[in-house]
2 protein chains.
Amino acid sequence: MKSDGRIFQLATEDIPKKWTNIIPNLPEPLAPMLNPADGTPVPLEAMQSIFPDSLLEQEVSQKPEIDIPEDILEAYSLYRPTPLIRAKFLERALGTPAKIFFKHEGVSPTGSHKPNTAIPQAYYNKQAGITRLTTETGAGQWGSALSFAGGRFGMDIRVFMVRASYDQKPARRIMMQTYGGDVQPSPSKNTEVGRRLLEDPDNYPGSLGMAISEAVELAAAEEGTNYALGSVLNHVLMHQTVIGNETKQVLDSLGLQPDVIIGCHGGGSNFGGIAIPYILDKMNGRDIDIIASEPLACPTLSKGLYAFDYGDAGKYIPLTRMYTLGHDFVPPTVHAGGLRYHGAAPIVSILTHAGVVRSEALKQIETFEAAMLFAKTEGIIPAPESAHAIASTIRAAKACTETGQEKVILFNLSGHGHFDMSSYQAYLSGELEDYEYPEAAVKKAEAALPQVKIEAGIK
Amino acid sequence: MKSDGRIFQLATEDIPKKWTNIIPNLPEPLAPMLNPADGTPVPLEAMQSIFPDSLLEQEVSQKPEIDIPEDILEAYSLYRPTPLIRAKFLERALGTPAKIFFKHEGVSPTGSHKPNTAIPQAYYNKQAGITRLTTETGAGQWGSALSFAGGRFGMDIRVFMVRASYDQKPARRIMMQTYGGDVQPSPSKNTEVGRRLLEDPDNYPGSLGMAISEAVELAAAEEGTNYALGSVLNHVLMHQTVIGNETKQVLDSLGLQPDVIIGCHGGGSNFGGIAIPYILDKMNGRDIDIIASEPLACPTLSKGLYAFDYGDAGKYIPLTRMYTLGHDFVPPTVHAGGLRYHGAAPIVSILTHAGVVRSEALKQIETFEAAMLFAKTEGIIPAPESAHAIASTIRAAKACTETGQEKVILFNLSGHGHFDMSSYQAYLSGELEDYEYPEAAVKKAEAALPQVKIEAGIK
C-alpha cells in the first residue's frame, strides 16, 4: 500500500483469522462475579441457562488468541475488512501536523461495529443447538445487528425494544424487521416481569433495564432460547478486536505506529475493539496514549467508583467489579444513547485502573461541533457516540498543532449517524444542552453500592 | 487482485483520471434542443444564464474522453474508489452458476451516486466565479449531494425541497443542513413563481416541477447564481462514468468481462454511469446485454414515445428529443421516487432507440421482494430505486440457473435505503401496491406532445 492514499482497504483474504484475548495479559486478574446475597463467587455454570458453553469458555479463557471459525470469517466478509481512512481533509481544516486515521465501522450492514460480535454470538449459539436468541435494544443499534446476524444463521431473533424508541424511532425497528427480527415494545405482556411492570403506568415508556429483564427471563425460561448481550462482557470485547487487528495490519504495512488511540466509551466494546490489539505493545513499553472518550453526562471511567456493583438496574445479574456511577444512576438523555451505561466493561475497568488507558469526558456540544466539522471535511455524518471519539481526536490534533509533533492519531468511527438525524436537528436548532455529572452524585453512588461481605480473596 | 475475494477495492491513486464522453460515438447524433415556439434549435448560449461555459462545452463535446481536474479527483477521494462487491451470498441463495458483481455507490457521503456529478458541478461553477447554486429536490438525494459538494468548494447551496417531503421526511432535510445547505420548502415566497403558485392552496404540498421552476428562476435572475441538475443532461451522465470506469479496471484485472450490465433508470445518470464505459465494446461487437431497469408504473423507455417533448412540467426548458411518457404524465407515487421522471436522458434514449441498450419494466412488489432477499443475503438494505436493478439481476441470474450459463452479471447499487425505511415498512405490512402503466396513456401522451413545426434537419 502507498502511504499517501486516503482509503486503505485490505482484501477479503486479509481478514484476521484470530481474535486477541487480553485476559491472560491484563495487569491484574479479572475478579469473579459475585452473588449479591453472600458475596461468594458465582460459578460460570450458573450462566448456562442463557449462554452457550463456548461463549462462557471465551469469557474466562487464558489463551492469548482464539481462532475465528470459518463460518464467521465468511459472514465477516460481507463487510470486512472495513476501510482504514486517512482523514486528510480534517487534518487540513485543523492545520495540524498530525496524521489522523480512522477505522470506518459504519460500513457494516447495520451501520456500526455491533455485527462483529452479533455474528459470532449467533454462530456459537447455533452450534450449541440454540434456535432463538433474545436481547434488548434501546435506539436499535444492537437489536439490528443481532437481527441481521441471526438471519444469516437461520435463528429466530426476539428483540425487546424500549417502547419510547419503538414508538418514536421507527426506522431502526423497520430495519430489524427487514432482517427478519421479531421486535416487541418493552415492557411487553409476553413476560412475567413485563406484565408486572405494566401494572404501573409510569413504566409504560420502558427502559433498557426493563428490556434486559424481559429478554433474560425469556432466555432462562424457554428451551432452546439463549440471551445475547452487545457490550461489556469479555467475549464481546474479544470479538471486537477484529477492528484493531485489521487496523494494525494496514498501519504496519505503511510503516506507521499510532501514538494516540481513541475510541468512544459506553459499555466498552468498540473502544476495546480498537485498543486491545495495542495494549501489549503499550505494556511492553511503547509510548501510546490510549483514550476512552465518554460523555461528561455519564463519565463512568472519569468519575465513577471502582467497585463491585450490579450490571443492571433490575439487579438480575451478579455483581461485577468495574467502574460504576451506581446501578441506579440515570444519566440525562444525551443524544449518544449508546454511551449512557452506568458501568464499564471489566476489562476496560482494569486497564483504566492500572493506568494503561485513560479516559476523557466531553460536553455534548463539543462532540456535535466535532461531528459537524467531520461531516463537512470528511463527508461522513457520524453517530453521536462516535462524535465523542472525533472530539477527542480533534483535541489531540490541535495539541500537535501547538507542539509541532507529527503524531499518528488513530480513532474508531464506530458508526454512521443516518438514523440520528433528529440529534443533528437539535444541534442545528440550538436546542442542545450540555449536562455535567454532579460531583455530589459520586457520594450517592457510593451509598448505593451493594453492601455485601466480599469473600473470595479479592484485593 | 484475487478473483475469489468478495470486496474488490482499488486504491486512491487508481481513481480514473478521465470521464468517458459517449457523444462522439453515439449511433446517431444528439438532436439539438428546440424552441417550443418555432421549432428552431436553441443555441447553447441561451443557457449561459444558468450554466457555466465549461459545463455547456461538456454538454456538446466531441472529445471521447475528458480529463478530470485534480481538485475533483481529490474530492472524489473522499469516498472513491467505491468497492466492487461479489454478491456471493445472493448467488448461493439463488443457486445460480452466474457470477454477480455490484458496484456499491451507497458508500458515498450522501449514500448514492449523486455526488459523482455534484462535485464537478460545484467545482466548475466555482471556477466560473459563481458563488451560489440553486437546485430542486424531491425526497432529498440530489439536494444532499449538492449541499455536500457545495460545502467542499465553499459555495452557497440553495435547495427548493418539495414541501410534502420537507414536512414529512425531515431526515434528508437535516442532512442537507448539516452539510451547510439552505433548504426551503417549495413552493416558497422567495420566487415570483412560488408566490404565484401559493395563491392556489392546492399547490401547497408542491411538486418537483414547481421546485425546478423556483430554482431556475432564482438562478436566471440572481447575479453569481447558477442552477444545477442531478440527472438527464449529457455532462451529468459523463461525470457518472467514473462508476463504470472503476468497475472496468477491477474486472479487467480479474480477467472478467460482464455479459449482462444492469442499472435502474430514472433520469439516466446511474444507468449511464455504469453502462457508458461498456457501450463502445458492445458497438464493436462484444455480446453484452445492457439493461435499464425501470418501474412499470413509469416505464419511460419501455412504453414511452421517442419524440421532442418538454423536460419539465412547467415548460420552462427547451424541447428535447427523448423517450417520454408525456410532460404532463403524473406517475403513481411509487416508493422509488427517483424513478418517476416522465422523460429520459437523450443519450440513453438514443442508445435505446438504436437497440444498444434495452429496458425492463418491473412491478413494485417484485422489486421489494428482491430488496428483501438482497438485505438478508448481502446485508445491505438498498434504496427502492436500486432494488429495480437487483430485481433485474435476479431475473438474469435465474435464467442462468435454467440454462447453466456461468454469465458475469454486473449491476450498479446506486444507493442505500437508510432514509427509505418507511417504504420497507409499507412492504412488510402488506400495504404495497403494484401499479401498471395504462396502455391508453400512450395515446394521451402522444396528443400532449408539443405541436411544433420541427426544422433544423432532424431525422
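Within the 4.5 angstrom heavy-atom criterion, only backbone atoms of B:Arg80 (N, CA, C, O) approach chain A. If you measure heavy-atom distances from A:Ile7 to chain B, the contacts under 4.5 Å come from both the backbone and the side chain. Of the two parts of A:Arg152, only the side chain, counted from C-beta on, holds a non-hydrogen atom closer than 4.5 Å to a non-hydrogen atom of chain B. Only the side chain of A:Phe419 comes within contact range of chain B, with at least one heavy atom under 4.5 Å from a heavy atom of that chain.
Atoms CD and CE, on A:Gln177 and B:Met421 in that order, are 8.5 Å from each other to the nearest 0.5 Å. Atoms CD and CD, on A:Gln9 and B:Gln9 in that order, are 5.0 Å from each other to the nearest 0.5 Å.
For a heavy-atom cut-off of 4.5 Å, chain A lies close to B:Thr178, B:Tyr179, B:Gly180 in residues 178-185 of chain B. Within residues 72-79 of chain A, the residues that have a heavy atom under 4.5 Å from a heavy atom of chain B are A:Glu74, A:Ser77, A:Leu78, A:Tyr79, listed by number. Taking non-hydrogen atoms and a 4.5 Å limit, the residue list of residues 104-117 of chain A in contact with chain B, ordered by number, reads A:Pro109.
Chain A forms the most heavy-atom pairs under 4.5 Å with one residue out of B:Ile380, B:Thr377, B:Ile85, and that residue is B:Thr377. For chain A, the option among B:Tyr427, B:Phe148, B:Phe89 with the highest count of heavy-atom pairs below 4.5 Å is B:Phe89. The choice from B:Ile174, B:Thr12, B:Leu10, B:Ile381 that makes the most heavy-atom pairs within less than 4.5 Å of chain A is B:Ile174.
By the side-chain contact (heavy atoms from CB on, under 4.5 Å) test, A:Glu13 is found to be paired with A:Ala11, B:Lys2, residues two or more places apart in sequence or in another chain being considered.
Between A:Gln425 and B:Arg173 the shortest side-chain heavy-atom distance falls below 4.5 Å.
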